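Have a look at the structure below, then the notes.
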Amino acid sequence: MNFLVVYFSRGGKTRKVAEAIAQELGCKSVDINRETPDLSGVDILLVGSGNYGGKTDNRLLRFLNDLQSGSDKKAAVFATAGGPDPKVLYVLQGALEAKGYKVVSSFKCPGQILSLNRGHPNKDDLKNAKAFASDLKKTSGA
């Protein structure tokens with residue numbers, strides 16, 4: 001099973017989570033700000049973002065909107081957010097489903113908002129991100 005992690009991170013918090021997930025899956029993590037991901041051979045695409053007022057960066061949205069449509073593709077989404085309900089998870093999921101992807105799993109990690117949640121993601125958050133990835137690997141048959 002081939003995985004790829006694609007993410008947008010404004011302050012580095014989502015990058016930490018993306019790298020922990022990619023490490024657990026033994027795959028590459030791609031910062032959408034730095035390179036265009038190669039999706040050839042990818043079985044499950046993981047897409048992550050910080051939650052910026054319920055939105056993500058336009059570059060990540062453009063990438064999702066430009067995905068080739070297909071009905072047999074799988075994805076998972078993750079987000080860092082200061083609040084309890086990161087709306088960006090729904091944005092990512094909706095964009096992927098519009099392209100025919102089946103979103104099989106999601107993960108949210110505490111992120112900082114103003115002065116709340118300072119120090120996140122912490123060691124336990126990254127451990128939980130790796131557990132999310134491990135569960136995804138098991139349930140996907142990898």
Side-chain angles (χ1 to χ4, degrees), residues 1-70 73-142:
M1 187 69 54
N2 292 315
F3 299 92
L4 178 65
V5 177
V6 177
Y7 67 93
F8 171 78
S9 182
R10 187 178 289 166
K13 293 166 182 56
T14 305
R15 178 181 307 108
K16 288 179 184 178
V17 174
E19 290 172 352
I21 290 170
Q23 180 184 36
E24 183 66 25
L25 295 173
C27 71
K28 185 176 181 179
S29 65
V30 177
D31 181 343
I32 200 73
N33 288 320
R34 295 194 174 132
E35 65 181 285
T36 302
D38 177 7
L39 300 180
S40 60
V42 173
D43 298 304
I44 299 182
L45 176 65
L46 290 91
V47 180
S49 178
N51 190 65
Y52 311 107
K55 299 177 183 175
T56 186
D57 185 77
N58 286 334
R59 288 165 283 204
L60 183 57
L61 287 178
R62 269 194 306 277
F63 164 74
L64 295 174
N65 290 333
D66 290 344
L67 287 173
Q68 185 177 10
S69 295
K73 299 181 181 199
K74 293 182 182 176
V77 295
F78 63 96
T80 56
D85 186 24
K87 292 175 181 44
V88 74
L89 281 176
Y90 308 116
V91 172
L92 299 175
Q93 182 172 340
L96 287 160
E97 289 175 346
K99 291 297 185 169
Y101 279 76
K102 179 181 179 186
V103 177
V104 296
S105 190
S106 66
F107 174 71
K108 62 182 177 180
C109 177
Q112 186 173 330
I113 181 170
L114 302 174
S115 64
L116 298 174
N117 294 334
R118 284 197 185 273
H120 287 274
N122 61 27
K123 184 174 77 172
D124 288 337
D125 298 328
L126 298 179
K127 181 179 173 184
N128 291 336
K130 286 183 176 190
F132 158 74
S134 179
D135 288 346
L136 182 61
K137 195 179 344 181
K138 288 175 192 170
T139 60
S140 67

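None of the values given here were measured: they were computed from a predicted structure. Heavy-atom basis, side chains included; hydrogens, waters and symmetry copies ignored.
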Do [X] and [Y] come within less than 4.5 Å of each other through their side chains, counting heavy atoms only?
X	Y	value
L45	K73	no
N51	T80	no
I21	L136	no
S140	F3	yes
K130	Q23	yes

Non-hydrogen atoms of [X] and [Y] that approach each other most closely:
X	Y	value
Y7	E19	OH-OE2, 4.4 Å
I44	A76	CG2-N, 4.4 Å
N33	S9	ND2-O, 4.2 Å
L126	K16	CD2-O, 3.7 Å
P37	L4	CB-CD2, 3.9 Å
F78	T14	CE1-CG2, 4.0 Å

>> Check this for me: K87, atom NZ, are more than 12 non-hydrogen atoms of other residues, nucleotides or ligands nearer than 6.0 Å?
In response: no

>> Is it true that, when you exclude Q68 itself, more than 12 heavy atoms of the residues, nucleotides or ligands shown sit nearer than 6.0 Å to its CD?
In response: no

Enter the distance from [X]:[atom1] to [Y]:[atom2] here, rounded to the nearest 0.5 Å.
X	Y	atom1	atom2	result
M1	K137	CE	NZ	12.0 Å
E35	K28	CD	NZ	4.0 Å
F107	N128	CZ	CG	5.5 Å

> Can you name the residues that form a side chain to side chain donor-acceptor pair (under 3.5 Å) with D124, not counting sequence neighbours?
Replying inline: none

> Can you name the residues that form a side-chain contact (heavy atoms from CB on, under 4.5 Å) with K55, not counting sequence neighbours?
Replying inline: none

>> If the condition is side-chain contact (heavy atoms from CB on, under 4.5 Å), which residues does T36 pass it with, not counting sequence neighbours?
In response: none

> Among pairs that include at least one residue of residues 95-109, which meet side chain to side chain donor-acceptor pair (under 3.5 Å), considering only residues two or more places apart or in two chains?
Replying inline: Q93-E97

>> D125: which residues meet the salt bridge (charged side-chain N to carboxylate O under 4.0 Å, His left out) condition with it, sequence neighbours left out?
In response: none

>> By the definition side chain to side chain contact (heavy atoms under 4.5 Å, CB included), identify the one residue from N65, V91, V47 that meets it with L60.
In response: V47

> Out of L64, V103, L46, which residue meets the side chain to side chain contact (heavy atoms under 4.5 Å, CB included) rule with L92?
Replying inline: L64

> Ignoring hydrogens and geometry, is there a side-chain-to-backbone donor-acceptor pair from N2 to D43 under 3.5 Å?
Replying inline: no

>> Using only atom types and a distance under 3.5 Å, with no angle test, would you say the side chain of K13 pairs donor to acceptor with the backbone of C109?
In response: no

> So does D57 pair up with R10, basic N to acidic O under 4.0 Å?
Replying inline: no

>> Test of understanding: with ring-ring contact (aromatic ring centres under 6.0 Å, His included), list the residues that count as partners of F8, not counting sequence neighbours.
In response: Y52

